[in-house]
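Side chains included, hydrogens not; waters and symmetry mates left out as well; all remaining heavy atoms used. Indexing begins at 1, ligand by ligand and atom by atom, following the structure's order. As the structure is a prediction and not an experimental result, all values here were calculated from the model. Sequence positions, counted from 1, serve as the residue numbers for this chain.
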Amino acid sequence: MALNLQNAQFVRSAVKPADFPRDALPQVVFSGRSNVGKSSVINRLLGRKNFARVGAAPGKTTHINYFLIDEKLYLVDLPGYGYAKVSQAERARWGKLIEAWFADTSLMTLGVMLVDARHAPTADDCTMGEWFKGCGKPFVVVANKLDKLKKSEIEPNLARIREKLGLDESVKVIPFSAEKGDGREELLKSVLAAMSGAGDQE
Ligand code: GDP
């Protein structure tokens, strides 16, 4: 399936379930702790510089941003988690919103869970991993900031990510560098495969 990634537009920020688009278009959802490079990965995937904002001040932790790509696909940007300065109340609002999103499994075509290639997944990452595993939809893990690893660290770090998140063989872990571009083709392949799978079911 051809997908013109240049044709991308912001659609809306959702703050409650009634705001979630529920048309027939596939939805690819991006999730990760704040500062993992989620905006940078989205920009790299789309081949854009400043589409999703990089280094955006944390605070909009309770907004789910929807982008429409080539009028064929929603790219869903879940708010980053794990930011230390967020209040308990805001954390709770975040949890409720994400829970509502995952509860409606019809919304998700593919999950893209971002982790930092340098580190073992955090407790928050593991919780997010459980949400992805539990919803029964395909997902991939993107290990970002690959450029910060020595060559000898890559394989052991990827294995640690797989092991800590308890991923089975069907879940891809894609080494990625938003900075250099590694992994873009593989991520794009997963997105296109999920889209054509979603089309087959209609
Ligand atoms: P977000 O909070 O998850 O959206 O993260 P951002 O996209 O704003 O990135 C957080 C910081 O990490 C920024 O300073 C980025 O330049 C940096 N960053 C993101 N991806 C990479 C990467 O692949 N390699 C390196 N070295 N830095 C990255």
Quiz item: Nearest non-hydrogen atom to atom 6 (P) of ligand 1 belongs to which of G183, G37, G32?
Solution: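 It is G37 that holds the nearest heavy atom.
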
Quiz item: Any N or O of D147 that comes nearer than 3.5 Å to an N or O of ligand 1?
Solution: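 Right, the criterion is met.
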
Quiz item: N/O to N/O below 3.5 Å, does that happen between S34 and ligand 1?
Solution: no

Quiz item: Looking at I161, V115, V141, which one forms a side-chain contact (heavy atoms from CB on, under 4.5 Å) with D125?
Solution: V115

Quiz item: How does K148 reach ligand 1, if at all, at less than 4.0 Å between non-hydrogen atoms: by side chain, backbone, both, or neither?
Solution: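 Under 4.0 Å from ligand 1, K148 contributes side-chain atoms alone.
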
Exercise. Measure up the F132 and F102 rings against each other and bin them: parallel (under 30°), tilted (30 to 60°), perpendicular (over 60°).
Key: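 Rings of F132 and F102: perpendicular, over 60°.
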
Quiz item: Does the pair E99/K96 count as a salt bridge with the N-to-O cut at 4.0 Å?
Solution: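 Result for this pair is no, no salt bridge flagged.
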
Exercise. Examine ligand 1 and decide if any of its atoms is less than 4.0 Å from a heavy atom belonging to S177.
Key: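 Per 4.0 Å heavy-atom rule, S177 contacts ligand 1.
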
Practice problem: Name all residues meeting the salt bridge (Lys or Arg N to Asp or Glu O under 4.0 Å) criterion together with D116; count only those two or more places apart in sequence or in a different chain, and write none if there are none. | Solution: R118

Quiz item: Would you say K164 has more than 12 foreign heavy atoms packed within less than 6.0 Å of its NZ?
Solution: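 12 or below, so no.
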
Practice problem: May I ask you to list the atoms of ligand 1 that are less than 4.0 angstrom from any heavy atom of A178? | Solution: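 Per the distance check, 20 (N), 22 (C), 23 (O).
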
